[in-house]
Every structure is written in structure tokens, then in C-alpha cells.
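The next block holds one structure in the form of C-alpha cells; read it before the comments.
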Amino acid sequence: MAQYSRISGSVGLITLSNPPVNALSAAVRQGIVDTVEKALGDPQVKSVVICGQDGIFCGGADIKEFGKNMSGPPLIPMIHTIECATKPMVAAIEGSALGGGLELALGCHYRIAHSKARLGLPEVTLGLLPAAGGSQRLPRLIGVPAALDLITTGRHVTAAEALQLGIVDQVTDHATVDAAVKFALSVAGKPLDTRRISTYPCPHVSDVDALCENVMQKVRKSAHGAIAPIACVQAVRAAATLPYTQGMEREKELMATLYTSGQARALQYSFFAQRAVSKWRIPSGARWDTSTPRPLHKVAVIGLGTMGRGITVALAQAGLPVITVETHEKQLMEAKRAVSDMLNRGAKRRGVAPPLDKISYSCNLQDLADVDLVIEAVFEDMTLKKKVFRQLSAVCKPGTLLCTNTSGLDVDQLASQSRNPELVVGMHFFAPAHVMKLLEVVYGPQSSPQAVATAMQLGKKMGKVSVAVGNCRGFVGNRMLKLYTEQASFLLEEGATPDLVDQAIEEFGFPMGVFKVSDLSGLDVGWRIRKEEKLAGLSVASGQSTRIREGRRYSPLADLLCEQGRFGQKTGRGWYQYDKPGGRVARSDPWLHHFLEEYRAQHGLVARHIDHQEVLERCLYAMINEGFRILEDGIAAGPEDIDVIYVFGYGWPRHRGGPMFYSGMVGLEKVLERLEHYYQAHPDVPHLQPCRLLRRLVARGSPPVHKWREVIKNLHSQL
Ligand SMILES: CCCCCCCCCCCCC/C=C/C(=O)SCCNC(=O)CCNC(=O)[C@H](O)C(C)(C)COP(=O)(O)OP(=O)(O)OC[C@H]1O[C@@H](n2cnc3c(N)ncnc32)[C@H](O)[C@@H]1OP(=O)(O)O
């Protein structure tokens, strides 16, 4: 787990060896302790280099060990021994030095990094803080403001930035270990008193309290209830105000509160869930490790509305040649200007050249004859999309993959328009498509393994977190969202206000409440769909009750607002009021409250007191129940898939893991009991009826989320 050798006569070389990221497992820590002892005890060794196997220094503590009984030597004394060593210790950093990996390097007397290396203390993203001395050493090395930035955000820095900040002593473009060995030879025998970071005074800041308070306020605002960023500020403040040993005590205390917290469990689950979804498998038996993606030399985007533009930008930024098609020259030119602006802005932010030359623009579908993959992003209209698919099928060369960007239309129906339905998949991007991380890749019964593998790999290349899901109305994300928004409307009918519902949702940790989101995305979008589905508008059968559709409860509130031209931010009025059309700041609207009162009176509804608890239970448990149905239906492969979709696409607070993980934290029995209660109170809402999988899990003693797949498998085998 750590190998030892002596090279160049007098340099002890310790190589961490725990693929794939050389995480500091108990065995690695033991290996380090043993090899350091060996190097320090060897009279021929005058200096020591610590490096990692396979081009990566160290990905930090072994996250899989968290939450279990710790065995093996602890990190803090191990790093302390390295710092106290009387022979120069040099860290040779290639690949990544993250978390405990960087803390180990900070215990060394010198750090040499490869120019492509990335360094950081991302513990905060796992609900923790750098508790192996990182919160105390880093501020002493680079100053309090820079340490606060790195530790509270967990961001990774490049070797160049690390050099500028003073985290590393030298950056090399050549073999890092060779450079570190050469360096180690040059410093052998030199005094080390000035190289032990823990002995440094923390660089003076004029008003440390004001600085920390300022950062604390910023962190509180962006953390949406996460506790780790706050503990990180407190730990750095300790470094700035206390001697090292007392600072270490404070670091330990703060870590103890985080280490066993539900938030840390949720964030660590989310880390592994994100990686698990990339290992997709679908009911046809196709899977990530046996399906080979097609090479993509040239891709196309059809339709340059908001989504098409964002997708084009993301493709060009991923380095892919893209041909884009719009029907009319004027719209094409308008889109070209918008896409170029987006690319220029992105390039400026990242300090690179804009990839404008990757994109060509055309009004002619015939220009797509030689592309390998097309993403159709025309208006969300089945008839139009079918027409485009028929045309593409005739124009494109055999083997071209046809992907539709749709937020919920039937991908199988579109596939049936193509000569090669096995080459069709859905790619559900989220707006803005060049920013949002989530991509739902929708496979149908006929989609070939290669088509799914290609779309998944393309998503990865575009920097997306891609999740393979089955085809159904709304796929995973929007299918669950529908139940959440529906409950929110029912709550308004029963006595709540948009302000109350949104406040409860935001306090839970969502960046925006359900009604604010609706105002932002535009109420007219859903209205058009409901009219198409004959749920709203003139096509609703006369004599049909306003509050019942298809035999179940329906809330027409959003339709009524739309009829008044209240489409949300774009019209300056929606569930809230705004200072002008396009305004962003939502203000409570007395008109809306009066409208709700009149509506209730008209329908004989008596407003009752609704508290935050009920808002959360109704909105979230209804959505979770649908999540269980999705698992039952085999639309999502496992709870991780649903949770990743919600965290990356719908603003679900990451420190709560995702809806399915959260249901486990609440307790499946409790979720079941509350759903039963609400279904009894609202028998006209069938979606509140607890589904079979939830009942089955509770009957099996509510196993932890990582065991659900077994129960799902059994359920499927019985169907
Ligand atoms: C009463 C209680 C008292 C409490 C007191 C407790 C005291 C305890 C003190 C302990 C102090 C610890 C302080 C230190 C904490 C940490 O170090 S936390 C870890 C910080 N590190 C990270 O967050 C880095 C995480 N990893 C990554 O960001 C990336 O993996 C990477 C290193 C940048 C590599 O990326 P890439 O090449 O894209 O590979 P991936 O697909 O992401 O990963 C490959 C596989 O490796 C697994 N993995 C990665 N990192 C770790 C890790 N740190 N631990 C375990 N496993 C890791 C990852 O899951 C992948 O696995 P597979 O999916 O199975 O392939």
C-alpha cells in the first residue's frame, strides 16, 4: 500500500499505491507510517520524496471508510511525524492532491507539482472539513482570505494557481518524481526550521472578525442549510486567532459534529451515486462496460431556440465540430449572434479562445448528410418533431444517431418515424443547456446499446452528469415534478399562499420555491401542454367540474392565472408580482391572495391553517411516492439515478442526498404512514396512495438505500 525504495544514492522514495486514486485507506496509512520510519532510520537516506502510483498523488482519505469504525494509524499524528522529521520530506504531486492528500503534502517540507496537477481541500463537498490539520496549516501558509475561499468552496486549483498562492514551491512540465528527487538532493542537510507550516504564525489580517463574519454571511446565504461550510469558516477563524495546538483542538471538535451528521452521510452518498450512474445498465441487458460508443467526428443541432443554442455552445466547448440548422435565414443569423456572444463570454471567463470556428450555420437540412449524430431541438410539438425525424431519416447517412431534445414527449413515437429506430434516443437537456449539469438519456425498447453508449459518452464529453432512463411521460425528473407542483396547487386551494409554500421549500434547502420557479420558467409553458392534453382551455368538456379531470382532483389555478395573462416574470405578474415585465424580484401580491379567497368561496372551500411540515410532507412525499413507482416500473435503474437527477437538475439540496435517500433518512415507515394519512384525507388524489415498492420495503424492515435494488429485482421477477 506504500512502497519504499532508495534512489540516486540518498533519496528515500515512498510511493502510495492504492488504485485508482491512492486514497488514504487504513492500509495506506500503515504503509506510510512504516516506510517513513524506514526512511528516517536509514543513515544513507538524506532526504525523502513521497509520490503516488499511476500519475496521481492522492485523492484524499478513503471515503468508503467514513461512518465505519476507524482502524489503522490516524492521519493527524502520521502527518505530524512527517512534519517533525529531521530529513527534508518532499511531496511530488502529479494528477490530484485532494483533501487528506493535500493535507499530507502540507505536512511535507516542500511541494513540487506537475503543471497539470490539481490541488484542493474538497472536504466541504462531503459534509466535512479538512480535519487532518488542513484547516490550520493552509491559512498559515497562504493567508486567511485565500484559505477561506479554498476551504469553504472546496474548489480545486491548478498547479499554476497553487504556485501563485504559495501552496507549492515549484511547478514542472517534466517527470515530477525526477524533479522532486533532484530537488530533494539539493535540500539535503539544509535546516528545516522554516519549513514546518504548523510553526508559522498566521499571516496578519487587519480585522479577522469582520472578514470571517463577512464570509460566514456569504456562506450561510449560498449553503441553503448545509452545516459544513459554516464549520469550515469557524475552523479557519481558529487558525487565525489561536495557537496551532488549540486550533487543532477546535478543528477536531468541529469535525466531531460533522463526521456523524446526516448531511455528511447524504453528501458522501451523493458522491458515490454520481459515479454509480455512469455505470449504466438497461433492461435489454446492455451496459456501460460492454457497449462501445460510436466515434463522433461531426454532429448537428436542428432548431436554434433557447435550448438549441445552449446545446450548440456546450458541444463547441467540448471541442466537437457542429453544424446547426434553422429554417429561416433571419432566425439563423440572430441565433448565430447569440451563440457567438455566449461562446465569447464563456471563453473570457475561462481565459481561453472562443471555439467559434467549430460551428457552421445552415438553412438546409441536406447539409446534414455526413454527420454522425443529430440533436433535434425544435419546438416541443410532436407533429413537428415527427416531421423532422422523417426528413432526417431520409437525409442522413446510414448509421447516423438521431437524438431528440424533449422534456417529456414519447421517444418511441419519434423512433417509429425513423428508418432505424434502434439509432434513436432522447437527450433531455436542462435550461440553460450549456450551464446545467444534468442530462437524461432516454432509451426506448428498440434503442441499440451503441446508441445509448454514444449518447452517454457525448454527455460526459459535454461535462454533463448523464443518467440513462426509460421512456415514459416526463421521464424521471418531470414525471416526479408534476406531483410536487400539483400538491403545491392543492395546498393553495386548501388555505396556503405561494409565499408560505415557497418559504417551506426554500427553508428545506431548494434554491427557489415551487411558485417562484413557475414564475421564472413561465406559466404559459405548462398551460399550452395542458391545453394539448385537453385538461385546460376550450376543449374541456362542458359540464365537466372545474376541479376534476379524468376522474381525479385537478387544480385549475394556474390555468386561471394564464387566462388573466399572468405568465410569471415575463409579464411582471404570476404567482407573485414584479416591478416590471422581466423583473426578477418576487413580491407578495395582494391581488393573488384576494383571488385565492374568491376562488375558495366560489368552490365552497374553507381555508384552514397549513404549516411548513404539511407543505413538505405533501409536496415531497407525493414526489417520493412517484419515485418508488418509477423504480417499480423499471424507468430508473436504482434510487441513485433518481437522486442524481434531482440534485443536478432540479435544485434538490445536495446535503439531503436526493428524494429517495431523503425518504430513507426520514424513515420509510414514516413516509408510508404520512402518505396513508394524506390519501385517506384526499381519496380523489390517487398519487397519494402509497405504492407497492414502498410497502414492500417497509415490510422488509426498511433496508438502507443501497440494498433497495435487491428488493426491486425481486419485485420485478414476480411480475
Ligand atoms: C465521533 C466522531 C469523531 C470524528 C473524528 C474523525 C476524525 C477523522 C479524521 C479524518 C480526517 C480526514 C480529513 C480528510 C478528509 C478527506 O480527504 S475526504 C476526501 C477528499 N477527497 C475528495 O473529495 C476527492 C474525491 N475524488 C475525486 O474528486 C475524484 O475521484 C478524483 C480524485 C479527482 C479523480 O477523478 P476521476 O479520475 O474522474 O475518477 P472518479 O471516477 O471520480 O474516481 C475513480 C474511482 O475512485 C473512487 N474514489 C475517488 N476518490 C475516492 C476517495 N477519496 N475515497 C474512496 N474512493 C474514491 C471513486 O468512487 C471511483 O470509484 P469507482 O466508481 O468504484 O470506480
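For the numbers below, each heavy atom of this structure counts, side chains included, while hydrogens, waters and symmetry mates do not. Because the structure is a prediction, the values reported are computed rather than measured. First listed ligand is number 1; within each ligand, the first listed atom is number 1.
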All pairs passing ring pair (Phe, Tyr, Trp, His ring centres under 6.0 Å) where residues 260-297 contributes a residue, at least two apart: Tyr269-Phe661
Which residue and heavy atom of the protein sit nearest [atom], plus the separation:
atom                    : answer
atom 54 (N) of ligand 1 : Ile63 N, 2.9 Å
atom 50 (N) of ligand 1 : Val21 CG2, 3.5 Å
atom 19 (C) of ligand 1 : Leu126 CD1, 3.6 Å
atom 12 (C) of ligand 1 : Leu75 CD1, 4.0 Å
atom 10 (C) of ligand 1 : Met255 CE, 4.3 Å
atom 53 (N) of ligand 1 : Ala61 O, 2.9 Å
atom 28 (O) of ligand 1 : Leu98 CD1, 3.9 Å

For [X], take its heavy atoms, then give the atoms of ligand 1 lying under 4.0 Å from any of them.
X      : answer
Gly60  : 17 (O)
Asp62  : 54 (N), 55 (C)
Phe272 : 59 (O)
Phe271 : 25 (C), 26 (N), 49 (C), 50 (N), 59 (O)
Gly99  : 17 (O), 20 (C)

Under the 4.0 Å line, does any protein heavy atom show up next to [atom]?
atom                    : answer
atom 65 (O) of ligand 1 : yes
atom 47 (C) of ligand 1 : no
atom 36 (P) of ligand 1 : no
atom 39 (O) of ligand 1 : no
atom 1 (C) of ligand 1  : no
atom 21 (N) of ligand 1 : yes

How far apart are the C-alpha atoms of Lys464 and Leu438, what are their side-chain angles, what is the distance that settles it, and do they pass the side chain to side chain contact (heavy atoms under 4.5 Å, CB included) test? CA-CA 6 Å; Lys464 307 289 176 204; Leu438 180 67; over 6 Å; no
Do Cys51 and Leu13 pass the side chain to side chain contact (heavy atoms under 4.5 Å, CB included) test, and can you show the C-alpha distance, the side-chain angles, and the key distance before you say yes or no? CA-CA 8 Å; Cys51 66; Leu13 180 66; 3.9 Å; yes
Side-chain H-bond candidate by donor/acceptor type, [X] with [Y], under 3.5 Å:
X      : Y      : value
Asp34  : Gln30  : yes
Glu83  : Ser198 : yes
Tyr200 : Arg137 : no

Do any nitrogen or oxygen atoms of Gly59 lie less than 3.5 angstrom from nitrogen or oxygen atoms of ligand 1? yes
Are any of the N or O atoms of Gly101 closer than 3.5 Å to those of ligand 1? no
Using non-hydrogen atoms of the residue, decide whether [X] is closer than 4.0 angstrom to ligand 1.
X      : answer
Pro20  : yes
Lys279 : yes
Glu103 : yes
Leu128 : no

Between the side chain of Arg196 and the main-chain N/O of Ala85, is any donor-acceptor distance below 3.5 Å? yes
Tell me which one of His156, Glu65, Arg275 gets a heavy atom nearest to atom 29 (C) of ligand 1. Arg275
Scan for salt bridge (charged side-chain N to carboxylate O under 4.0 Å, His left out) pairs involving residues 159-171, sequence neighbours excluded, and state none if there are none. Arg155-Glu161, Asp169-Arg195
Check the pair Gln3, Leu16 against side chain to side chain contact (heavy atoms under 4.5 Å, CB included), reporting the backbone distance first and the verdict last. CA-CA 7 Å; Gln3 282 135 23; Leu16 313 188; over 6 Å; no
For Met216 and Gln234: C-alpha separation, side-chain torsions, deciding distance, then whether side chain to side chain contact (heavy atoms under 4.5 Å, CB included) applies. CA-CA 9 Å; Met216 187 68 98; Gln234 290 169 326; 3.9 Å; yes
How many angstroms lie between atom CG of Leu141 and atom CD1 of Ile167, to the nearest 0.5 angstrom? 7.0 Å
Do Arg656 and Phe508 meet the cation-pi criteria used here (NZ or CZ under 6.0 Å from the six-membered ring centre, within 45° of the axis)? yes
Evaluate the criterion salt bridge (charged side-chain N to carboxylate O under 4.0 Å, His left out) for residue pair Asp641 and Arg709; output intermediate values, then yes/no. CA-CA 12 Å; Asp641 301 70; Arg709 280 179 198 244; 3.4 Å; yes
Identified ring-ring contact (aromatic ring centres under 6.0 Å, His included) partner of Phe430 from the options Tyr650, Phe475, Phe648, Tyr646: Tyr650
Inspect the surroundings of CD in Gln246 and state if more than 12 heavy atoms from other residues, nucleotides or ligands are less than 6.0 Å away. yes
